[in-house]
Amino acid sequence: MECSNWSIRFMLLAVCLLPALVECRTRHYKFNVVMKNTTRLCSSKRIVTVNGRSPGPTLYAREDDTVLVKVVNHVKYNVSIHWHGIRQLRTGWADGPAYITQCPIQPGQSFVYNFTITGQRGTLLWHAHILWLRATVHGAIVVLPRRGIPYPFPAPHKEVVVVLAEWWKSDTEAVINEALKSGLAPNVSDAHTINGHPGSVSTCSSQGIQIYFEVLALNVCFL
Ligand SMILES: *[C@@H]1O[C@H](CO)[C@@H](O)[C@H](O)[C@H]1NC(C)=O
Ligand SMILES: *[C@@H]1O[C@H](CO)[C@@H](O)[C@H](O)[C@H]1NC(C)=O
Ligand SMILES: *[C@@H]1O[C@H](CO)[C@@H](O)[C@H](O)[C@H]1NC(C)=O
Ligand SMILES: *[C@@H]1O[C@H](CO)[C@@H](O)[C@H](O)[C@H]1NC(C)=O
């Protein structure tokens with residue numbers, strides 16, 4: 001029963017996503033920057049996230065698509081987002097480094113990143129580009145080839161996005177501020193993560209024995 005429920009849900013998901021992937025030349029995303037109480041390693045803290053998730057949403061586009069990302073800042077920090085690896089041809093102001101290509105987005109404000117992906121394919125990364133917010137404000141960018149153009153390798157059976165990162169039990173802004181004051185290296189993280197989750201940890205019994213491996217996104221285009 002459980003199994004068939006899941007496959008029905010997945011089919012619905014695929015049906016919902018397909019029109020967007022077939023039609024779109026302009027990809028619209030809304031990134032709400034919000035705080036989220038999150039528990040890892042048996043310890044909770046409030047983190048800065050996009051849409052309440054860390055990693056945040058995977059951004060999908062095809063080569064030559066225009067991407068419009070509306071970022072709304074609901075947190076107390078100034079925010080900006082960098083599309084790491086995207087060549088900003090004639091759209092330097094959409095690149096994201098705070099105080100370099102734009103004033104940061106202030107609390108309560110929003111900004112629309114508008115850029116076209118030209119001459120590149122592959123999986124890249126977006127992340128906050130101010131303070132140490134990238135510790136939790138990050139996610140993947142998947143740039144597919146133009147429709148009808150195959151990958152330069154056999155089509156994979158399935159695609160899974162894997163984001164490797166780190167988790168600090170402390171507030172990451174406190175960690176970097178402490179290091180900037182003392183001039184010493186910042187405290188090392190408490191765990192490495194796969195898609196936001198550390199593995200099983202002996203000092204944290206409630207974490208269980210399961211290795212978390214969350215499938216963020218399947219590339220339904222190629223199913
Ligand atoms: C965050 O969640 C934990 C575990 O559910 C809870 O104990 C804690 O009070 C929450 N903290 C905040 C600030 O909501
Ligand atoms: C936030 O950014 C604005 C410019 O957009 C700047 O004037 C202000 O000082 C920044 N605030 C902080 C706390 O850095
Ligand atoms: C995005 O940029 C293109 C090209 O400069 C422009 O024509 C379009 O109006 C922009 N869209 C938005 C929503 O700002
Ligand atoms: C950094 O590590 C030191 C030594 O363990 C600890 O005393 C300090 O509280 C840590 N700083 C933060 C911001 O967690």
Side-chain angles (χ1 to χ4, degrees), residues 20 23-50 54 57 59-83 86-120 126-137 141 143 146 165-193 198 201-204:
E23 307 270 318
C24 294
R25 291 265 302 155
T26 300
R27 312 273 173 164
H28 295 262
Y29 285 88
K30 175 107 179 264
F31 279 20
N32 281 310
V33 180
V34 291
M35 299 303 295
K36 177 83 177 175
N37 184 14
T38 305
T39 304
R40 297 280 182 271
L41 304 173
C42 290
S43 152
S44 297
K45 64 170 180 171
R46 277 160 60 78
I47 60 169
V48 184
T49 68
V50 167
S54 181
L59 198 154
Y60 282 94
R62 285 189 180 278
E63 192 184 346
D64 292 338
D65 283 351
T66 293
V67 179
L68 289 174
V69 187
K70 181 172 186 182
V71 178
V72 186
N73 183 2
H74 297 282
V75 304
K76 66 176 181 179
Y77 302 104
N78 275 346
V79 168
S80 76
I81 308 272
H82 173 56
W83 317 98
I86 297 283
R87 287 181 214 130
Q88 297 287 352
L89 304 176
R90 298 182 297 281
T91 48
W93 48 86
D95 198 38
Y99 302 111
I100 298 178
T101 58
Q102 70 173 111
C103 287
I105 309 162
Q106 296 182 54
Q109 302 294 308
S110 65
F111 182 81
V112 178
Y113 290 90
N114 179 357
F115 55 88
T116 299
I117 299 170
T118 306
Q120 57 182 144
W126 58 262
H127 60 80
H129 206 300
I130 187 168
L131 307 168
W132 242 28
L133 298 184
R134 73 189 66 186
T136 52
V137 178
I141 304 171
V143 183
R146 284 185 206 104
E166 293 173 77
W167 182 263
W168 282 259
K169 287 185 184 174
S170 299
D171 177 71
T172 45
E173 289 309 315
V175 172
I176 189 62
N177 288 337
E178 183 183 67
L180 290 172
K181 279 201 187 97
S182 68
L184 301 172
N187 285 359
V188 295
S189 60
D190 296 291
H192 291 273
T193 57
V201 180
S202 58
T203 53
C204 178

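Note that this is a predicted model, so its numbers are computed, not measured. Every number for a ligand or one of its atoms is a count from 1 in the order of the listing.
Looking from atom 10 (C) of ligand 2 to the surrounding protein, the closest heavy atom is Asn78 ND2, 2.4 Å. Scanning the protein for heavy atoms near atom 6 (C) of ligand 4, the closest one is Asn187 ND2, 4.2 Å. Protein heavy atom at the shortest distance from atom 9 (O) of ligand 4 is Glu178 OE2, 4.2 Å. The closest protein non-hydrogen atom to atom 5 (O) of ligand 2 is Gln106 NE2, 3.1 Å. Nearest to atom 8 (C) of ligand 3 among the protein's heavy atoms is Asn114 ND2, 3.7 Å.
Listed for the His82 side chain is a donor-acceptor partner under 3.5 Å among the backbone atoms of Asp95.
Using a cut-off of 4.0 Å between Lys/Arg side-chain N and Asp/Glu carboxylate O, Asp190 and Lys169 are scored as not salt-bridged.
In this structure, Tyr99 is part of the shell of residues with a heavy atom less than 4.0 angstrom from ligand 2.
Near Cys103, meaning under 4.0 Å from any of its heavy atoms, are these atoms of ligand 2: 5 (O). Ligand 4 places these atoms under 4.0 Å from at least one heavy atom of Ser170: 12 (C), 14 (O).
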**Report entry** Worked check of side-chain contact (heavy atoms from CB on, under 4.5 Å) between Gln102 and Tyr113
**Finding:** CA-CA 11 Å; Gln102 70 173 111; Tyr113 290 90; 2.5 Å; yes
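Between Tyr60 and Tyr29, some side-chain heavy-atom pair lies under the 4.5 Å cut-off.
The CZ atom of Arg90 sits 7.0 Å away from the OG1 atom of Thr118 when rounded to the nearest 0.5 Å.
Each of Asp65, Ile86, Thr66, Leu89 was checked for a side chain to side chain contact (heavy atoms under 4.5 Å, CB included) with Ile117, and the lone residue meeting it is Ile86.
At least one protein heavy atom sits closer than 4.0 Å to atom 2 (O) of ligand 3. Protein non-hydrogen atoms do reach within 4.0 Å of atom 13 (C) of ligand 4.
By the 6.0 Å and 45° rule, Lys45 does not stack over the aromatic ring of Trp168.
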